[in-house]
Amino acid sequence: MEKGYDFDHEIERRGTGALKHDCLTQFFGRDGLQPLWVADMDFEVCPQIIDALRRRLDHPVLGYSATPDSYWTAIRSWLSRRHGLRVAPEEITFTPGVVKGLAFAVNYFTREGDGIVIQPPVYHPFKMVIEGNKRRCIENPLTDDYRMDLNALEQLVEREKPRMLVLCNPHNPVGIQWDEPTLARLATIARKAGMVVVSDEIHADLMLWGGRHIPFLAAGDDAQAVGVMLGAPSKTFNIPGMVSSWIVVKNPELREGFFNWLASNEFNEAPMTAVIAAEAAYTHGEKWLNQLLKYIEGTVDAVLEYVDINLPGIKAVRPQASFLVWLDCRGLGLTHARLIDLFINRAGLALNDGAMFGTQGSGFMRLNVASPRHRILAALESLKNALP
């Protein structure tokens with residue numbers, strides 16, 4: 001009989017330095033809120049990951065460590081097994097976090113003043129990295145039904161001459177998995193324009209209801225010519241504190257100079273704990289992940305049903321991937337400031353403010369459902385009781 005994991009088990013995270021739990025006052029102006037914001041999970045990490053770290057820490061010396069071939073084999077095998085993407089050894093390297101990987105790509109492939117395209121509402125660090133490095137952030141917003149506006153992108157590219165596009169695949173905060181024709185057309189536009197496409201695929205392993213993730217690099221020759229793929233086990237296995245991520249580049253004309261630059265600056269040197277955690281996750285974590293996905297699916301179903309029945313004025317968008325639910329609260333008829341007040345001060349809930357993902361997110365909130373299901377439903381009950 002397959003081992004079962006208890007995702008209903010309560011874990012006390014307060015006092016551990018957890019950003020999600022211990023920094024509420026800093027980000028929301030008060031403590032005592034139910035934290036449903038930062039995209040990590042309140043579930044116990046796969047035990048094989050903890051065991052692997054513990055075994056290594058039982059040794060009394062923490063010196064310089066080499067990255068074993070087995071680490072790379074584990075990642076490449078995972079990408080092939082789970083996503084059908086074959087990666088040669090020379091096509092992959094380490095990066096200490098996906099956002100840092102994006103920052104490295106921005107600094108290597110573009111110069112100050114260059115335009116970089118994002119597709120809001122989208123993960124807010126994209127804009128922060130672009131503007132913080134003195135590049136121009138150019139918006140190609142999603143349509144109202146959350147599709148890429150590729151006709152508008154073609155016009156934008158012709159007008160603005162951007163050097164890069166940052167893709168979120170699957171898309172955060174809406175949870176969209178882009179289909180292959182969309183990715184292929186995006187790649188064709190980018191190749192024609194001479195743009196690099198940096199694809200953040202950190203939510204790739206969290207496809208729901210049997211959906212298939214389509215890596216950008218799997219979308220044809222144009223995608224492989226322009227693509228820089230970023231991924232990590234952090235969201236998948238709830239180990240973002242390990243900052244173990246990776247970059248895949250297929251095109252040697254893009255890859256060789258970029259990877260040499262990373263190596264020359266030691267940006268791609270993997271810390272010992274990151275290697276151990278990632279290898280254990282990709283080697284031993286599949287059963288845990290499969291059970292996690294079933295649990296998240298059940299919670300998302302419960303959330304959508306509760307919102308539909310009990311929260312008039314709010315619509316929940318069903319995600320195709322991840323544990324994040326995009327709440328359209330515009331039907332409440334509140335200003336965005338009053339909407340934030342409703343969630344924080346009246347309902348006692350800490351969610352990500354939709355406007356942080358772009359002006360297109362005004363009137364929306366992002367709900368993290370990766371906690372024991374009864375806690376999520378209790379939070380929705382608090383929201384129901386707080387509605388005007």
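Side chains of V226 and V196 form no contact here, defined as non-hydrogen atoms less than 4.5 Å apart. The shortest distance between side-chain heavy atoms of H83 and E201 does not fall below 4.5 Å. Using a 4.5 Å heavy-atom cutoff, the side chains of K287 and Q48 are not in contact. Counting only heavy atoms from C-beta outward, the side chains of T95 and V243 never approach each other to under 4.5 Å. At a threshold of 4.5 Å between non-hydrogen side-chain atoms, the residues I189 and R185 count as touching. Between C46 and H284 the shortest side-chain heavy-atom distance does not fall below 4.5 Å. Put simply, the side chain of N290 does not reach to within 4.5 Å of the side chain of K294, judged on heavy atoms. A heavy-atom distance below 4.5 Å is not found between the side chains of M148 and L153.
Here T93 contributes atom OG1 and N260 contributes atom CG; the two are 10.0 Å apart, rounded to the nearest 0.5 Å. Distance check, rounded to the nearest 0.5 Å: CD of E269 to OH of Y64 gives 10.5 Å. Put simply, CG on L102 and OG on S199 are 11.0 Å apart, with the number rounded to the nearest 0.5 Å. Taking CG of D222 as the start and CG of L183 as the end, the distance is 12.0 Å to the nearest 0.5 Å. The CZ atom of R255 lies 5.5 Å from the CD atom of E91; values are rounded to the nearest 0.5 Å. From R111, atom CZ reaches atom CZ of R135 across 7.0 Å, with rounding to the nearest 0.5 Å.
Classification of K192 and E154 as a salt-bridged pair fails, no side-chain N sitting under 4.0 Å from a carboxylate O. Between K20 and D42, at least one side-chain nitrogen of the basic residue sits less than 4.0 Å from a carboxylate oxygen of the acidic one, meeting the salt-bridge criterion. Salt-bridge annotation for D40 and R13: present, with a side-chain N of the basic residue lying under 4.0 Å from a carboxylate O of the acidic one. A salt bridge is absent between K161 and D114: the closest approach of a Lys/Arg side-chain nitrogen to an acidic carboxylate oxygen does not fall below 4.0 angstrom. Using a cut-off of 4.0 Å between Lys/Arg side-chain N and Asp/Glu carboxylate O, R55 and D58 are scored as not salt-bridged.
Hydrophobic clustering of Ile, Leu, Val, Met, Phe, Trp and Tyr side chains at less than 4.5 Å, counting indirect connections, keeps L19 apart from I11. The hydrophobic cluster containing V166 does not contain V157, counting ILVMFWY residues as joined when their side-chain heavy atoms lie under 4.5 angstrom apart, directly or transitively. Note on V38: it does not cluster hydrophobically with M41, by side-chain heavy-atom contacts below 4.5 Å among ILVMFWY residues.
Ring centers of Y295 and F43: under 6.0 Å apart, within the cut-off. Remark: aromatic rings of W246 and Y282 are distant, center separation not under 6.0 Å.
Classification of the W326-F364 ring pair by plane angle, with boundaries at 30° and 60°, yields parallel.
Looking at L167, V249, L79 one by one, the single match for side chain to side chain contact (heavy atoms under 4.5 Å, CB included) with M229 turns out to be L79.
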| said: Applying side-chain hydrogen bond (donor to acceptor under 3.5 Å, both in side chains) to R81 and S77, what does each step give before you reach the verdict? | reply: CA-CA 6 Å; R81 188 168 70 250; S77 175; 2.8 Å; yes
| query | Given the rule in the side-chain contact (heavy atoms from CB on, under 4.5 Å) test, do F7 and Q291 qualify, once you have shown the distances and angles that lead to the verdict? | reply | CA-CA 9 Å; F7 297 107; Q291 290 183 34; 4.0 Å; yes
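Distance alone, capped at 3.5 Å, places no donor-acceptor pair between the R366 side chain and the G354 backbone.
A side-chain N or O of Q177 and one of N169 form a donor-acceptor pair less than 3.5 Å apart.
Not a single ring-ring contact (aromatic ring centres under 6.0 Å, His included) links W72 to another residue, sequence neighbours left out. F28 meets the ring-ring contact (aromatic ring centres under 6.0 Å, His included) test with W37; sequence neighbours excluded.
Annotation for R86: atom CZ does not count as buried by contact number, only 12 or fewer foreign heavy atoms lying within 6.0 Å.
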